[in-house]
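Scroll down for the structure; my scribbles are underneath it.
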There are 2 protein chains.
Amino acid sequence: MGRTPKDVTDAELAVLRVLWGREDATVRDLADEIYGGESGASSSATVQKLLERLLAKGLVARRTGGRAHRYSAAADRDALIGRRLQETADKLCEGSLAPLLTHLVNEARLDADDIAALEAFVERAAKRRQKGRR
Amino acid sequence: MGRTPKDVTDAELAVLRVLWGREDATVRDLADEIYGGESGASSSATVQKLLERLLAKGLVARRTGGRAHRYSAAADRDALIGRRLQETADKLCEGSLAPLLTHLVNEARLDADDIAALEAFVERAAKRRQKGRR
DNA sequence: TGACAGGAAGACATTCTGTCTTATCCTCGG
DNA sequence: CCGAGGATAAGACAGAATGTCTTCCTGTCA
């Protein structure tokens, strides 16, 4: 039997990456950017298929103006990160994200900036709690 | 062209999960646990194939004693979490884990325990820095 | 020794993924 | 208004991954 489909495949991700760098893009724009300068008709078709699948997943939006559709990203990188983290949590931690956080804090080599960001967050959280909010 | 193989597939994960719950297990033990009571000869073969692939990935260890091999987990859940997180970071963040941490802190609904753990970590980190170690 | 449990190797169906081909459609220039 | 050309839609396709099963071989124990 099949397995769980990847939410976003590598080729799809390549398309998304380009879309994250601009407001809009046509299929041709994307094909040019991804498959070098001389993007044949087949490259365009490939990109279009990827866009179709991304559309079905709700990760890109399409604006059908003029002659060629214009595609834009409907999910940013952070949203993708969230999906992957949640998927990992679902498979390995019964859906809880806390073990991931623990792992990152314990195992990952964090630099000073990361730690500073954490400190800031913890302070914010402490302040919130002090005020009795949430 | 093919895609990047999943480091651990769902069926393999089911095997690992059982192994995490005990010290040792034979193929039959695992088949019984995973495929209900009456594990036919085919279930055993399936489990064995999965173990073979896990072995190739270095995720289980085999001790060849007596009549049946005994398998044990060579990677715990946290190691798997680390793999997945790094893979996500590689694909979405040029290998940096920091954005994942940021996401968890900003987006995930952390409960009091999680925040307490974070506080403890930050304090530890501050102390380390103060002592000039590391 | 002979039946048999267990292991190794490989076949297999299904699905996914990335790519390409074909057919249809729309827009623009003439 | 019509033809040309690019764009879209639909789907065929090969290669690979995955989960399962079959087959054959090996060792063990009665």
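Residue numbers begin at 1 in each chain, while the letters A, B, ... track the order of the sequences. Hydrogens, waters and symmetry mates play no part in the numbers below; they use all other heavy atoms, side chains included.
In this structure, the nucleotide among D/dG19, C/dA8, C/dT19 sitting nearest to the side chain of B/R53 is D/dG19. The listed nucleotides are C/dG18, D/dC21, D/dT8; the one nearest the side chain of B/A45 is D/dC21. Relative to the side chain of A/K49, the nucleotides C/dC20, D/dT20, C/dA8 differ in distance, and C/dC20 lies closest. Listed candidates were D/dT8, D/dC29, C/dC28. Nearest to the side chain of B/R67 is D/dC29. Listed candidates were C/dA8, D/dT20, C/dT17. Nearest to the side chain of A/T9 is C/dT17. Minimum atom distance to the side chain of A/S42 is reached by C/dC20, of the listed C/dG6, C/dG18, C/dC20.
Within the 4.0 Å cut-off from OP1 or OP2 of D/dA9, at least one side-chain nitrogen or oxygen of A/Q48 is found. Between A/R62 and D/dA9 there is a side-chain N or O to OP1 or OP2 distance below 4.0 Å. Within the structure, a side-chain polar atom (N or O) of A/T46 is placed less than 4.0 Å from OP1 or OP2 of C/dC20.
You'll find the side chain of A/T46 stays beyond 4.5 Å of the side chain of A/I34, heavy atoms only. The shortest side-chain heavy-atom distance between B/L51 and B/L30 falls under the 4.5 Å cut-off. Here the side chains of B/V47 and B/Y35 are in contact, with some heavy-atom distance below 4.5 Å.
Rounded to 10 degrees, the angle separating the terminal axes of the helix from C/dT1-D/dA30 to C/dG30-D/dC1 is 10°, with each axis obtained from five end pairs.
In this structure, CG of A/L50 is placed 9 Å from C1' of C/dT19, rounded to the nearest angstrom. B/L51 has its CG atom 14 Å from the P atom of C/dA9, to the nearest Å. Summarising the geometry, the separation between CG on B/L55 and C1' on C/dG7 is reported as 13 Å, rounded to the nearest angstrom. Separating the CZ atom of A/R63 from the C1' atom of D/dT8 is a distance of 17 Å, rounded to the nearest angstrom. A straight line from CD of B/E52 to P of C/dG6 spans 18 Å, rounded to a whole angstrom. Going from atom CG of A/L30 over to atom C1' of C/dG18 covers 16 Å, rounded to whole Å. Taking atom CG of B/D10 as the reference point, atom P of C/dT14 lies 20 Å away to the nearest angstrom.
Separating the CD atom in B/Q48 from the CZ atom in B/R28 is a distance of 11.5 Å, to the nearest 0.5 Å.
Salt-bridge check for B/R22 with B/E33: passed, with a basic side-chain N closer than 4.0 Å to an acidic carboxylate O.
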Review item, side-chain donor-acceptor pairs of residues 77-84 of chain B, under 3.5 Å, at least two apart:
| from | atom 1 | to | atom 2 | distance (Å) |
| --- | --- | --- | --- | --- |
| B/R77 | NH1 | A/L92 | O | 3.3 |
| B/D78 | OD1 | A/H103 | ND1 | 3.2 |
| B/D78 | OD2 | A/H103 | ND1 | 3.1 |
| B/R84 | NH2 | B/V8 | O | 3.1 |

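Listed by first and then second residue, the side chain to side chain donor-acceptor pair (under 3.5 Å) pairs involving residues 105-122 of chain B are A/R129-B/E119 (not counting sequence neighbours).
Of the residues listed (A/K49, A/R17, A/K57), the one engaging A/E12 in a side chain to side chain donor-acceptor pair (under 3.5 Å) is A/K57, and it is the only one.
Counting any heavy atom pair closer than 4.0 Å across all strands shown, A/A68 reaches sugar-phosphate atoms only and no base atom. Residue B/A11 is in sugar-phosphate contact alone, with no base atom involved, counting any heavy-atom pair closer than 4.0 Å across all strands shown.
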